[in-house]
Amino acid sequence: MIDVRLLRTQPDLVRSALARRGSPELLDQLDQAIAGDERMRDIVAQRDAIRAQVNEMSKQVGALRKAGESTQAEQLQVRSRALGEHERILAAEYDSVQLGVRDVLLRIPNTPHPDAPDGADDHDNPVVAGPVGLPAEFADHQRVAHWASATTLGILDGERATKISGAMFTMQRGLGATLARALCQYALDSNADAFEEIRPPSLVTTATLTATGQLPKFADDSYLIERDDLWCIPTAEVPLTSMYAGEVLDAAQLPLRLMAFSPCYRREAGSAGRDTRGMLRSHEFDKVEIFALATPEQAPGLLAEMVGRVEKLIASLELPYRIIEICTGDMGQSHHRSFDVEVYASGCDNWLEVSSISWFSDYQARRADIRYRVPGAKGTSLVNTLNGSALAVPRVWAAIVENHRQADGSISIPAVLHPYMRGAHVIPAP
RNA sequence: GGAACGAUGGCAGAGCGGCCAAAUGCAUCCGCCUUGAAAGCGGAAGGGUUCACGCCCCGGGGGUUCAAAUCCCUCUCGUUCCGCCA
C-alpha cells in the first residue's frame with residue numbers, strides 16, 4: 001500500500017509519481033482515496049468526541065453509585081445510552097467508509113523509484129548490461145526448439161503431462177528431471193553463503209496473498225482452493241514476505257536474508273494461447289527465490305547485490321544473457337524498482353525472462369505490517385522488502401537444452417551442474 | 001473428525017464488570033557501587049492514530065451494559081486425550 005499520510009499531505013507528489021506508470025484511471029482512484037480518507041477522519045473525530053463523553057459519564061456513574069446516589073446515576077445512564085446510540089451510527093458509517101478506502105488503496109500500485117526509466121510498455125525497457133556471452137553465430141544444431149529436441153531425447157513428455165493435468169502442464173523425465181532438480185540445488189547452494197534456506201508452505205491464506213499485492217486485484221491469476229479458503233502460491237516471495245508479518249524486528253537483525261525453493265502455481269489467465277509449446281509458460285513450475293528485509297538505507301545496495309548474484313549464476317551456466325531495467329509503464333503493481341535477467345534461447349530465437357529482481361520499498365511491508373525498531377529511537381518504521389528469482393527452472397532448462405545442444409543431438413551439461421547430475425556430463429542422443 | 005482446556009506486554013505470568021495500558025518475575029536501557037564485571041540498590045521503558053485534547057489496541061469478529069481484559073455468542077490458532085493417517 002502507498003502511504004495515506006503522504007497522499008494526504010503531498011497529494012501532488014504521489015500523483016506525479018504514479019502518473020509515470022501511465023494509466024489515467026489511477027488518478028481517479030487517488031482522488032477517491034483522498035476524499036474517502038478525509039471523510040473517514042471527519043467521522044472519527046465526531047465518534048471519538050462522543051466516546052470521550054461516554055467514557056467520562058461512565059466514570060461518574062460508577063462514582064455516584066459508590067456514593068449511593070442511585071437516582072442521579074440513573075439519569076446519567078439514560079443520557080449516556082442516548083449518546084451511545086449516536087456513536088453506534090457513526091461507528092457503522094466509519095466502518096463502511098473505511099472498508100471502501102482500504103479497497104481502493106489496496107489496488108493503487110507502488111510509486112516508481114525516481115531513477116526508474118520512463119516508458120509505456122516492455123518495448124521501452126532499456127538494456128543495462130550485456131549481451132554477455134552471445135556468440136557471433138549459432139550452429140544449426142543449436143537452432144532446434146527445446147520442445148522438439150527434448151521430446152526426441154525422452155527428457156520432456158508434454159503429451160503425458162497434458163493427459164494427466166491438462167494444457168500448460170509439463171513433465172520432465174530421466175536426466176531431464178534430474179537437470180531440473182540439479183538447477184534448484186545449485187541455485188540454493190550458490191546463495192547459501194548469505195541466505196537462510198526456508199522450505200515454506202505452498203498454500204497460503206487470503207491475508208498472506210494480499211500482503212504481497214496479488215490480491216485483491218489479481219485474483220484471477222491465482223489458484224484458489226475454495227473448500228479451505230487457501231491459495232496456491234505463485235512464488236515463494238509470498239510466504240517469505242509474510243513470515244515476519246505483524247512483527248517488529250530489531251534494526252540489528254537487518255538485513256534479514258532468506259531463500260526458498262518452492263513450486264509456483266499460475267493460472268496464466270491473461271495469456272491463454274501464448275507460449276503453449278514447451279516449457280516457456282506453464283501452470284506449475286519450480287523456482288528458487290532469494291529475499292531480504294532491509295532498512296530503506298540498505299535496500300539499494302541489496303538490490304544491486306541480488307542482481308549481481310543472479311548474473312553470476314546465469315553466467316556460470318554458460319548461457320548468453322542480458323539485463324534490462326523495467327520501465328515505469330511495465331512495472332508490476334508492487335514494484336518500486338525492478339530488473340530482469342534475460343537469457344537468449346538459440347532454438348526458439350528468443351530472449352527469455354529467467355529472473356526478476358525487485359525492490360518494493362515499504363509497499364509490501366505496509367500491507368504485511370512488518371516494522372523495525374532502532375534502539376533508542378522513538379517508535380517503529382516499516383522495513384523495505386526485496387526479492388528476486390535466483391533461478392526459475394523451466395526457461396533455464398529450455399535454454400540449456402537449446403544452447404548446449406551438440407552436433408550429434410546430445411546435450412552437454414554445464415560443468416557447475418555435474419556434481420548434481422549423478423556424474424552425468426551429457427544427456428546422450430537416443 | 002470428537003472431547004476438554006487455553007490465547008494478556010520481548011518472554012513468563014496475575015488480573016472481584018468501574019480504582020486496568022494492565023501487578024509481579026525475567027530480559028532490555030540509564031544511573032550508583034566496582035580497577036572492570038557479576039550481584040545489589042535506584043530509575044526508565046508498549047503499539048497505533050491525532051498538530052493537540054483525545055480515541056483505539058488484552059487472538060479476530062459480533063453481542064450484553066451507563067461502563068468489558070473480565071459476561072455471552074462465534075471464528076481462528078494452540079495444548080492434551082481419543083479417532084484416522086503419510
_Less than 4.0 angstrom between a side-chain N/O of R371(A) and OP1 or OP2 of G48(B), yes or no?_
yes
Residue pair R41(A)/D95(A) against RNA chain B: nearer the 5' end by closest nucleotide is R41(A)
Whether W359(A) and H113(A) hold their rings parallel, tilted or perpendicular, with breakpoints at 30° and 60°: tilted
Any strand, both distances under 3.5 Å, Watson-Crick or G-U wobble: A44(B) pairs with U28(B)
- Message: Between D42(A) and R39(A), does the salt bridge (Lys or Arg N to Asp or Glu O under 4.0 Å) criterion hold? Intermediate values first, please.
- Response: CA-CA 5 Å; D42(A) 185 51; R39(A) 179 128 176 272; over 6 Å; no
Under a 4.0 Å heavy-atom criterion, the protein footprint on nucleotides 63-68 of chain B, written with B, S and -, is -S-BS-
Consider only side-chain N and O atoms of Q364(A) and T385(A), and report whether a donor and an acceptor are under 3.5 Å apart.
yes
To the nearest angstrom, the CG-P distance between D228(A) and G1(B) comes to 9 Å
For C71(B), the nucleotide meeting Watson-Crick or G-U wobble distances (both under 3.5 Å) is G63(B)
Separation of U50(B) atom C1' from Y94(A) atom OH, nearest Å, is 12 Å
I370(A) CD1 to G47(B) P, in whole Å, measures 19 Å
The residue, R8(A) or K66(A), whose nearest nucleotide of RNA chain B is more 5′ is K66(A)
D42(A) atom CG is separated from U50(B) atom P, nearest whole Å, by 15 Å
d(R47(A) CZ, M40(A) CE) to nearest 0.5 Å is 9.5 Å
Discussion item. Looking only at side-chain N and O atoms, does Y363(A) offer a donor or acceptor that is under 3.5 Å from a partner on N384(A)?
Written reply: no
Would you give me the side-chain donor-acceptor pairs under 3.5 Å for residues 201-210 of chain A, sequence neighbours excluded?
residue: S202(A); atom: OG; partner: R199(A); partner atom: NH2; Å: 3.1
residue: T205(A); atom: OG1; partner: T208(A); partner atom: N; Å: 3.3
residue: T205(A); atom: OG1; partner: T208(A); partner atom: OG1; Å: 3.0
residue: T206(A); atom: OG1; partner: W231(A); partner atom: NE1; Å: 2.9
residue: T210(A); atom: OG1; partner: T206(A); partner atom: O; Å: 2.7

